[in-house]
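Read the structure below first, then the notes.
Naming: A, B, ... by sequence-line order, numbering from 1 per chain.
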Protein chains: 2
Amino acid sequence: MNFVEERILKDGIVRSRTDLNVRGFLRNQLDTDLIEQIGREFKARFANLPVTKVLTLESAGIAIAYAVAQQFKVPLLFAKKSKSINIAGDTYVAEVASFTHKNINTVVVSKQFLSDKDHVLIVDDFLANGCALQGLISIVDQAGGTVEGIGIAVEKGFQMGGQVIRNLGYKLESLAIVESMDPETGKIIFREQ
Amino acid sequence: MNFVEERILKDGIVRSRTDLNVRGFLRNQLDTDLIEQIGREFKARFANLPVTKVLTLESAGIAIAYAVAQQFKVPLLFAKKSKSINIAGDTYVAEVASFTHKNINTVVVSKQFLSDKDHVLIVDDFLANGCALQGLISIVDQAGGTVEGIGIAVEKGFQMGGQVIRNLGYKLESLAIVESMDPETGKIIFREQ
């Protein structure tokens, strides 16, 4: 069991079979020591890749992505969510349908920050159905850049996002993969990795 | 001239008398070395204060606030912007009118993360009219906590936010205070501090 799994067992709250509350240390309130350790762990897991930029989506993943970028000594770029229809031509845009919320989210990155020379490590805090992640991959593709890898703090292994991304051949590293949760007992089962 | 002012002169783009574009190193794309240095600088400026938590507002200020929290070795808490009217009773809520956009923004923090025992350092990337900052101060007050200080990367000295906060007696430190900008020449004048 690694340090992220241990922390989830200690402080995570199982609210339902699909809802894990990690707001106190990983989401709304961040334990900076834990985040720093996550940064170092991803640096180790993606050590030999020629990463030029770390990309995330605002806002929950920003601190973790920053901690990773800090380790790689590369810039952190974050995509913005947009509801506006008028998006200038100088942006990469991905429209991603949310499986959970049945709506469309628009993910935007300014073209000046991403090019075909970029080797991108995508980092986010959570992976469930992977809609946000699909949008970020699409944006790197639009720029002609290379997705070197994807680092996720907590993957919900009982939802399809991770499987899709692995099937597509991406190097996806999740520090904790939750296989199942029981709200009655509070028990959390992680996937053996 | 300090390192933030120097960087703004080098890479900032004056788009109008009021609009400074620092998106390439401080906003959408973050220079991690610069952010780390900002974290250390705020640690030095607020060194002797008993800070228990760093508070910011999503999403542009999160990385800077994280870098500060990392130096203080305290948790980073971020307030969320909300448009929903149905906010549960377990949250502190501040409604802040935007002088610029003529609308109302709702800033929300879960009550479980802030109490009367907290000594809070508020950190944000920009200060102009200070609406967001007023909302964050209100939230710390609602919790019965103490605002120990406020750290801002770039203050627009020609807008009123900073003056209001200083008049109210808060210890506000801005790493760069832009006094005026000229879009024709690109010249930026900083306030002597």
Side-chain angles (χ1 to χ4, degrees), chain A residues 11 13 21 23-40 43 51-83 90-92 108-115 118 120 123 125, chain B residues 11 13 21 23-40 43 51-83 90-92 108-115 118 120 123 125:
Chain A
D11 292 325
I13 300 162
N21 178 347
R23 296 197 306 163
F25 55 102
L26 203 59
R27 229 175 140 85
N28 301 56
Q29 177 171 271
L30 298 158
D31 176 332
T32 46
D33 284 344
L34 177 72
I35 304 300
E36 208 176 308
Q37 202 177 348
I38 290 175
R40 286 194 299 267
K43 178 69 169 79
V51 174
T52 62
K53 223 158 255 193
V54 171
L55 175 66
T56 191
L57 178 65
E58 66 176 358
S59 57
I62 292 177
I64 295 174
Y66 169 80
V68 178
Q70 198 178 20
Q71 291 295 326
F72 277 94
K73 300 189 179 305
V74 298
L76 163 64
L77 177 61
F78 63 91
K80 297 185 78 77
K81 296 170 194 163
S82 175
K83 287 194 176 66
D90 57 352
T91 50
Y92 300 114
V108 180
V109 167
S110 176
K111 284 187 181 172
Q112 66 178 299
F113 299 134
L114 212 52
S115 79
D118 276 313
V120 179
V123 174
D125 58 343
Chain B
D11 292 325
I13 300 162
N21 177 346
R23 298 196 305 163
F25 56 102
L26 203 59
R27 229 175 139 85
N28 301 56
Q29 177 170 271
L30 297 158
D31 176 332
T32 46
D33 283 345
L34 177 70
I35 303 299
E36 208 175 309
Q37 203 176 348
I38 289 175
R40 286 194 300 268
K43 178 69 170 80
V51 174
T52 61
K53 226 157 251 193
V54 171
L55 174 67
T56 191
L57 178 65
E58 64 176 0
S59 57
I62 293 177
I64 294 174
Y66 169 79
V68 178
Q70 198 177 19
Q71 291 295 326
F72 277 93
K73 300 190 178 305
V74 299
L76 164 65
L77 177 61
F78 63 93
K80 297 186 76 80
K81 295 171 195 163
S82 174
K83 286 194 176 65
D90 57 352
T91 50
Y92 300 114
V108 180
V109 168
S110 176
K111 284 187 180 171
Q112 67 179 298
F113 300 134
L114 212 51
S115 79
D118 277 313
V120 179
V123 173
D125 59 342

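Ranked by heavy-atom pairs shorter than 4.5 Å toward chain A, the options B:Val109, B:Leu77, B:Leu55, B:Leu30 are led by B:Leu30.
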Throw together a table of side-chain donor-acceptor distances under 3.5 angstrom for residues 68-75 of chain A, partners on residues two or more places apart or in other chains.
unit_1	atom_1	unit_2	atom_2	d
A:Gln70	OE1	B:Gln70	NE2	3.4
A:Gln70	NE2	B:Glu36	OE1	3.2
A:Gln70	NE2	B:Gln70	OE1	3.4

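Heavy atoms only, all atoms of each residue included: B:Ala60 and A:Phe78 are closest at CA-CZ, 4.1 Å. Considering every non-hydrogen atom in both A:Phe113 and B:Gly24, the closest pair reads CE2-CA, 3.4 Å.
With a 4.5 Å cut-off on non-hydrogen atoms, A:Ile35 touches chain B through its backbone and its side chain both. Interface remark: A:Arg27 contributes backbone atoms only to the contact with chain B (heavy atom separation under 4.5 Å).
A 4.5 Å side-chain heavy-atom check between B:Gln29 and A:Gln112 finds every atom pair outside the cut-off. Between B:Ile62 and A:Ser59, some side-chain heavy-atom pair lies under the 4.5 Å cut-off.
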